Structures are given as structure tokens and as C-alpha cells.
Amino acid sequence: MIRVTVWNEFVQEQMDEKRFPCMKDWKLDEQALASISANARRIRQVHGGAIHNTLRCVFEEDGQIEVRHVGTLEMEQCGLSEDVLKDTDVLVWWSHVAQQDVPDEVAARVASHVQRGMGVMFLHSAHMCKPMNRLLGTSCTLRWREGDTENLWCCNPTHPIAEGVPACIHLEKEEMYGEFFDIPTPDELVFLAGFGGGEVFRAGCVWNRGYGRVFYFQPGHETNESYLNPDIRRILRNAVHYLARPEYRREKLECLPV
Ligand code: ZN
């Protein structure tokens, strides 16, 4: 079985009830609070309470994948202790508004495990999360606009992540992410996105980092239903299979005298 840990910051879902550190500098007038509350209700409605619930279901549809742990920002060590990561073949990470509230120590631990063979998949707005930035070494900034249509084109049909996936997946409602996306040139480019506004985006990218693999996948804005699309779900499961390589797992990385 492939051991998966799903990590969701789990902040926007609760913003109508709780205040989080990331909100301290926000201008929260009545209109902003109403919008935050409506957003929280919508996310809970789409995702059965929380984004990690949707993701867990995606992976549990696969008899070869076991979701061993679910972590959130509020948990001790964000639910990503050394023991949890040792028990993880692939970490799946969704985050957005509270990226900077993840302790550096946790980000460093995740990056170290990836370099020593753990697979990691960063979803949608996680392009700005600390572990991804640390692993790629670039700003990962991009252009964005909420509320567009997307065509997700497969540009590498023989790639394992694209197995059984159509040439183009149309998403009626998705957030536009556009170039320039400040990432290192991907080792493998699997999907390209085109949006209603004419923008294009490298939407499915793989990088090798040490003994581990990193996959970034763009669809999945919190209020949209992209993760309910069967073809998108297939991509997420394919990616877990591709990223899981326990045979490459290392206890430590060292320079070997010869
Ligand atoms: Zn988004």
C-alpha cells in the first residue's frame, strides 16, 4: 500500500467562527467579514466540511493507496512530526492564506524528507507554501484572477500521471493562474492550462529533488468543484503512484568518501 498523508491548512473553512494569526493585518470591515463568512460556508459545502475530506476521498477510491494521516495547521507540529513523515510515502499539500504561519522548522523537515525520498504534491495555491519554495528555490509567483474557465491540456500523454486522462479537461469554473510562473524549468511538464481570458500556465510540473519527486498541480481553488471532476481525481491518484518510491528512501544524505 502507498502511504499518503493529506495536509490542509484548514483555515478558510473556519474563518466565519475563528480568528487566525494570518488575519491580524487584514482590514476586516463588515463587508470583508461577510465575504469571508460566505466563502467559509461555500468551502464547507463543496468539501464536506473541509478540503482534506475531499482529498481523502479521492485517494481512498484507490485500493492501493492508504491515507495514513491528515494534518492541519492547528495541530501540534502541524501534524507533520518526524514519525508522521517517516510513515509517509507521499505528502499531499493544500494551503493558501496561512502559508507564512507554517513554522520554518516544519517546512525544513518536509523538504528534508523529500530530498531523502518522500514524494510530495503541492496543490493549487500551495505554490507559495514554504516547503515548495524551499525545494524549488524560486519565488513561485504568478498572475491570477478568480472566476474563469479552464482547459487543462495534457502535453505529455505517455507520462504515468496522464494515464487514462483525456487530451483536454474542461473546467467550467476555475481560478486563472497565468505566466510568468517563477519556477525552475520543470524536469517533466505534463499539463498546460489555457484560460478564458487567453492566459496560459504550466499547470502540471514534476521536479526531481534529491531522491524525491515534487509534483505541482494547478486546479483546485477552494470554492470550486475541480476535485469532484473524475478526470482530475484520476490525475491526483496517478500522481500519488508516480511520486511514491519507497525504494529510494534514505535515512540521511551524506558525502561518501570513495
Ligand atoms: Zn485559489
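Model, not experiment: these values are computed from the prediction. Atoms within each ligand, like the ligands themselves, are counted from 1 in listed order.
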Would R116 count as a cation-pi partner of Y211, with NZ or CZ less than 6.0 Å from the six-membered ring centre and within 45° of the ring normal?
-> no
Out of the N/O/S atoms in H221, what is the name of the one closest to the Zn ion (ligand 1)?
-> ND1
Assess E175: does it contribute an N, O or S atom lying under 2.8 Å from the Zn ion (ligand 1)?
-> yes
Side chains of F217 and I232: does their closest heavy-atom pair fall under 4.5 Å?
-> yes
Should R233 and E61 count as an ion pair when the cut-off is N to O under 4.0 Å?
-> yes
From the Zn ion (ligand 1) out to just under 2.8 Å, does an N/O/S atom of H124 turn up?
-> yes
Measure from NZ or CZ of R213 to the centre of the six-membered ring of Y242 and say whether it is under 6.0 Å with the direction within 45° of the ring axis.
-> yes
